[in-house]
Amino acid sequence: MPPQNRACVSGLSSMNIQEEIQSAIQRAVTELYQQTVTEVPLQPTKKEFEGTYTFVTFPLTKALRQAPAQIGQAIGTWLVDHTTVVSGFNVVQGFLNISVADAAWLDVLRDMAGNPAFGTLSQPDGASVMVEFSSPNTNKPLHLGHLRNNFLGDSVSRILAANGYRVTKTCIVNDRGVHICKSMLAYRMFGTDASGQPETPASSGMKGDHLIGKYYVLFDKAYKAQVEEMVAAGTPKEEAEKTAPLMQEVQQMLRLWEQGDPETVALWRQLNSWVYTGFDETYRNIGVSFDKTYYESNTYLLGKEIVEEGLAKGVFYRKDDSSVWIDLTDEGLDQKLVLRSDGTSVYMTQDLGTTDMKYTDFGTDRQIWVVGNEQDYHFKVLFAILRRLGRPYANGLYHLSYGMVDLPTGKMKSREGTVVDGDDLIAETTEAAATAADEAAKGKLDEFSDTEKADLFRMLGLGALKYYLLKVDPQKRMQFNPAESVDLHGNTGPYIQYVHARIRSVLRKAASEGISVNLADLTVEAAGQLDPIEQQLIFLLSQYPQRVQEAGTDYAPSYIAQYAYELAKTFNQFYDKLSILKESDTTKLKNRLILSALLAETICKAMGLLGIEVPEKM
RNA sequence: GGUCCCGUAGCUCAGUUGGAUAGAGCAUCUGCCUUCUAAGCAGACGGUCUUUGGUUCGAAUCCAAACGGGAUCACCA
């Protein structure tokens with residue numbers, strides 16, 4: 001991806017400590033050494049040293065012809081003498097650790113707290129992006145792997161929106177094809193009870209997607225039995241798999257569907273509509289929605305005219321059997337089929353057409369696909385083709401690839417029935433959260449009504465699950481441990497949710513005691529000393545816009561998860577070390593309240609970027 | 001076999017553009033609630049960053065090779 005504009009980061013305030021120190025260091029070097037430095041990277045000072053920002057002087061030793069420590073000493077002294085921001089420094093070898101004046105911290109706090117849009121960035125050109133995710137098949141319910149996909153896509157969409165992009169969320173439903181016909185056929189065969197009544201979601205009490213999933217499994221069973229029988233009778237396995245009567249029937253059904261046979265189409269519509277009702281319920285449960293849903297039954301014929309175009313442009317070539325190919329060997333890829341010899345489409349043909357269509361519909365500068373890493377190769381080829389066809393959007397395409405989710409027992413395998421169902425998992429997670437939370441609450445929830453409790457437990461269960469799946473780098477294959485996923489302690493969603501509730505509780509108490517929390521009360525000058533933990537909190541908060549921006553450029557919800565945890569953890573340390581409401585110095589007290597309020601708000605925003613709600617009480 | 005991804009504490013994972021003695025959580029052990037929510041905090045224990053070379057003031061990070069795990073290389077999607 002092209003690097004984004006770094007300049008949009010600092011829209012937060014007139015007073016940006018980091019930038020101020022950076023430019024001051026540049027001036028220091030110019031004045032002290034008559035040299036210019038263009039890059040002034042600062043890093044957070046390690047915990048065991050005093051200071052907030054660290055400037056590494058090793059790289060300057062050659063140009064300035066001085067020892068690293070000497071340079072640090074000189075620059076540090078200069079900063080203290082010539083700026084109001086830097087209050088002190090210490091030098092350890094090539095590391096210049098810089099401490100910031102309390103007045104500067106409080107200034108920053110005031111700017112952040114006074115800006116309701118803090119952390120919402122803007123793109124000067126009003127850039128737009130489309131995120132495609134979820135994209136389920138209509139022959140089975142969503143499972144754990146789909147949840148990772150959905151949470152990623154949803155979160156990335158929110159992060160990009162916070163970065164100032166116009167975001168369009170799309171979903172392409174795979175609602176046709178052989179696999180759909182399998183469910184349809186099985187339903188026609190087994191879906192009627194002894195008295196001739198067809199099974200429906202209502203009659204069975206099953207969610208529509210689960211009901212259809214059941215028939216998909218039934219087909220597979222019957223088909224396998226048939227193949228085994230044929231093999232036992234002497235037919236070679238491969239031949240049996242192709243010629244089994246059930247498979248023939250499925251193929252015939254697909255042909256009928258493609259011809260628009262009314263009866264087949266009616267059955268298809270009926271079953272799919274049940275599945276959609278089921279999916280809608282799941283999406284509502286997990287808080288995921290789309291701006292536009294595409295159906296493959298409408299798009300599967302697209303792309304053929306692009307094949308013609310490619311042939312005319314000489315990008316594709318036709319073989320003797322009249323199949324059409326592209327040769328990408330000079331890019332380290334292979335030769336790839338784009339149209340079958342019988343003139344019908346393959347996956348690639350369709351994707352070429354759909355990508356064009358999405359661009360025609362929305363004209364977004366970028367398109368992102370959240371799709372598992374087993375399709376890495378497919379997307380490399382797709383993007384390469386679109387580049388060669390000279391599509392104007394070709395450089396804005398990105399495959400957000402993610403790894404599989406394994407179980408402690410190993411891979412999820414649908415054939416072995418080890419797949420973790422999404423709905424079941426959410427129900428179990430909520431249940432586990434309820435049990436654990438009820439116990440941990442120790443009476444705190446006594447005044448909650450049943451619906452309030454249910455709402456909280458749902459929030460905690462879902463928060464635990466989303467956080468668990470999002471805190472890991474998408475690219476990495478990850479292990480799903482059911483016990484860990486519902487944990488309320490440590491680096492978890494509920495831990496962060498708890499901190500939010502904790503802060504809100506303090507703020508409520510302050511209000512009930514008649515302590516006002518107006519920004520105007522924030523005293524910058526006579527504030528006295530800030531505790532290092534308070535400085536650390538303000539520093540962390542000031543990093544928020546930058547983290548949002550980095551998460552946007554890297555499509556990385558995990559950055560936000562990590563950040564939210566740091567905020568929560570640091571607040572707990574602050575909360576343990578210093579009293580807020582019992583502070584006798586009212587200036588300090590009000591400053592702490594403002595700091596706490598901003599912290600709650602920022603935790604809420606950050607968790608919101610992960611699609612996680614935070615409670616007022618827990 | 002070709003290509004791509006991954007390899008960090010017993011387990012699950014962080015580790016920003018190469019920087020200080022590599023960090024969290026879980027698990028195990030030890031302290032801290034008459035005081036704002038203890039669903040918390042503090043501490044202890046735990047490492048040849050898979051291995052070997054290279055690049056340089058400096059490498060978990062960059063390069064190369066090996067080893068281990070995974071994916072993919074269909075006229076499937």
Side-chain angles (χ1 to χ4, degrees), chain A residues 39 41 43-49 54 56-59 61-62 68 92-95 97 137 174 177-179 296 300 319 321 323-325 332-334 336-342 344-348 350-351 372-378 380 401 403-404 406 408 411 436-437 439-444 460 468 471-473 475-481 483-485 487-492 494-495 497-499 501-510 513 546-547 550 554 556 558-559 561-562 565-566 569 571-583 592-593 596 617-618:
Chain A
E39 293 280 304
Q43 49 182 298
T45 303
K46 297 208 124 199
K47 266 183 271 172
E48 56 265 45
F49 300 98
T54 293
V56 182
T57 58
F58 286 113
T61 49
K62 264 186 192 162
V92 183
Q93 298 168 45
F95 300 91
N97 301 320
N137 291 339
N174 189 340
V178 179
H179 51 295
E296 211 185 285
Y300 80 107
K319 283 193 179 172
D321 64 2
S323 57
V324 181
W325 297 73
L333 304 167
D334 298 303
K336 191 80 187 172
L337 178 90
V338 294
L339 197 70
R340 290 197 188 99
S341 52
D342 64 4
T344 59
S345 308
V346 288
Y347 182 39
M348 189 61 73
Q350 200 186 124
D351 252 5
N373 62 9
E374 69 273 12
Q375 293 196 35
D376 284 355
Y377 185 75
H378 170 78
K380 272 189 188 167
S401 167
M404 288 190 178
D406 291 328
K411 276 189 182 180
E439 189 185 344
K442 296 187 189 95
K444 275 182 263 177
L460 295 178
Y468 185 83
K471 73 175 174 183
V472 181
D473 177 6
Q475 191 163 36
K476 286 187 178 165
R477 205 184 170 95
M478 67 175 290
Q479 197 178 112
F480 180 82
N481 183 315
E484 276 179 25
S485 72
D487 201 346
L488 309 178
H489 311 280
N491 188 357
T492 67
Y495 171 89
Q497 289 170 317
Y498 173 69
V499 169
R502 227 181 182 187
I503 299 173
R504 299 299 301 168
S505 168
V506 174
L507 295 176
R508 273 194 307 274
K509 185 150 191 182
E513 290 177 8
Q546 194 179 326
R547 299 291 185 106
E550 286 162 356
D554 292 351
S558 58
Y559 292 5
Q562 190 67 28
Y565 176 63
E566 279 175 50
K569 190 176 163 60
F571 176 82
N572 272 337
Q573 292 167 343
F574 159 75
Y575 183 88
D576 189 69
K577 183 175 180 187
L578 303 172
S579 180
I580 301 168
L581 298 176
K582 300 247 157 58
E583 173 58 51
R592 282 180 196 163
L593 279 174
S596 300
K617 280 187 198 177
M618 66 183 272

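The sequence lines fix the lettering, A, B, ..., with proteins before strands; numbering per chain opens at 1.
- Across rA77(B), rG70(B), rA39(B), the shortest atom-to-atom separation from the side chain of Leu488(A) is found for rA39(B).
- Using a 4.0 Å heavy-atom cutoff across all strands shown, Ser401(A) reaches no nucleic acid atom at all.
- In this structure, the side chains of Gln479(A) and Pro408(A) come closer than 4.5 Å at one or more pairs of heavy atoms.
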- [ ] Begin from the C-alpha positions of Asp487(A) and Tyr495(A) and carry the test side-chain contact (heavy atoms from CB on, under 4.5 Å) through to its verdict.
- [x] CA-CA 9 Å; Asp487(A) 201 346; Tyr495(A) 171 89; over 6 Å; no

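- Distance alone, capped at 3.5 Å, is enough to place a donor-acceptor pair between the Thr57(A) side chain and the Gly94(A) backbone.
- Tyr495(A) has its OH atom 21 Å from the P atom of rC13(B), to the nearest Å.
- Straight-line distance from the CD atom of Glu374(A) to the C1' atom of rA74(B): 15 Å, rounded to whole Å.
- Separating the CG atom of Leu460(A) from the C1' atom of rA39(B) is a distance of 9 Å, rounded to the nearest angstrom.
- Residue Val346(A) is classed as a sugar-phosphate contact, given heavy-atom separations below 4.0 Å to backbone atoms only.
- Residue contacts for Asn97(A): at a heavy-atom cut-off of 4.0 Å it reaches a base atom on one of the strands shown.
- One finds a side-chain N or O of Arg340(A) lying less than 4.0 angstrom from the OP1 or OP2 phosphate oxygen of rC76(B).
- You'll find that the side chain of Asn174(A) is closest to rA77(B), out of rA77(B), rA20(B), rC13(B).
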Dump the pairs, protein N or O against N or O of nucleotides 55-63 of chain B, anything under 3.5 Å, distances to one decimal.
unit_1, atom_1, unit_2, atom_2, d
rC57(B), OP1, Lys62(A), NZ, 3.1

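- Between rC41(B) and Lys577(A), no contact under 4.0 Å exists linking OP1 or OP2 to a side-chain N or O.
- The closest donor-acceptor contact from the side chain of Asp473(A) to the backbone of Lys476(A) lies at 3.5 Å or more, if one exists at all.
- The 12-atom threshold is exceeded at CD of Glu48(A), counting heavy atoms of other residues, nucleotides or ligands nearer than 6.0 Å.
- Within the 4.0 angstrom heavy-atom criterion, base atoms lie near Leu578(A).
- The neighbour count for Glu39(A) CD, taken as heavy atoms of other residues, nucleotides or ligands under 6.0 Å away, does not exceed 12.
- Out of rC36(B), rA39(B), rA20(B), the shortest distance to the side chain of Val92(A) is found at rA20(B).
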Could you go through nucleotides 29-35 of chain B and list every protein N or O atom that sits under 3.5 Å from one of its N or O atoms, giving the distance for each pair?
unit_1, atom_1, unit_2, atom_2, d
rU35(B), O2', Lys582(A), NZ, 2.5

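- Whole-Å rounding puts the Gln479(A) CD to rC13(B) C1' distance at 11 Å.
- The shortest distance between side-chain heavy atoms of Ser596(A) and Val506(A) does not fall below 4.5 Å.
- Stacking is found between Phe49(A) and the pyrimidine-like six-membered ring of the rA20(B) base under the 5.5 Å centre-distance and 30° plane-angle cut-offs.
- For Asp334(A) (side chain) and Lys336(A) (main-chain N/O), no donor-acceptor pair under 3.5 Å exists by modelled atom type.
- The CG-P distance, from Asn572(A) to rU37(B), rounds to 13 Å in whole Å.
- One finds no side-chain N or O of Gln497(A) lying less than 4.0 angstrom from the OP1 or OP2 phosphate oxygen of rA39(B).
- Residues meeting the side-chain contact (heavy atoms from CB on, under 4.5 Å) test with Tyr498(A), sequence neighbours left out: Lys444(A), Arg502(A), Met618(A).
- Rounded to whole Å, the distance from NZ on Lys336(A) to C1' on rA74(B) is 8 Å.
- Consecutive Watson-Crick or G-U pairs involving RNA chain B, each under 3.5 Å on both distances, make up stems of three or more pairs at B:1-7 with B:67-73, B:10-13 with B:23-26, B:28-32 with B:40-44, B:50-54 with B:62-66.
- Rounded to whole Å, the distance from CZ on Arg547(A) to P on rG15(B) is 10 Å.
- Ala441(A) comes within 4.0 angstrom of a nucleotide base, judged by non-hydrogen atoms across all strands.
- Between Ser345(A) and Tyr300(A) there is no side-chain heavy-atom pair separated by less than 4.5 Å.
- At a cut-off of 3.5 angstrom, the base of rA14(B) holds no donor-acceptor pair with the side chain of Ser558(A).
- Rounded to whole Å, atom C1' of rA20(B) lies 4 Å from atom CZ of Phe95(A).
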Close N/O contacts between protein and nucleotides 1-6 of chain B (under 3.5 Å):
unit_1, atom_1, unit_2, atom_2, d
rC5(B), O3', Gln475(A), NE2, 3.4
rC6(B), OP1, Gln475(A), OE1, 3.4

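- Arg592(A) places a side-chain N or O within donor-acceptor distance of the main-chain N or O of Ser579(A), the cut-off being under 3.5 Å.
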Open item on the list: I need a per-nucleotide contact map over nucleotides 22-28 of chain B, read 5' to 3'. Cutoff is protein heavy atoms under 4.0 Å; write B for the base, S for backbone only, - otherwise.
Closed with: -SSSS--

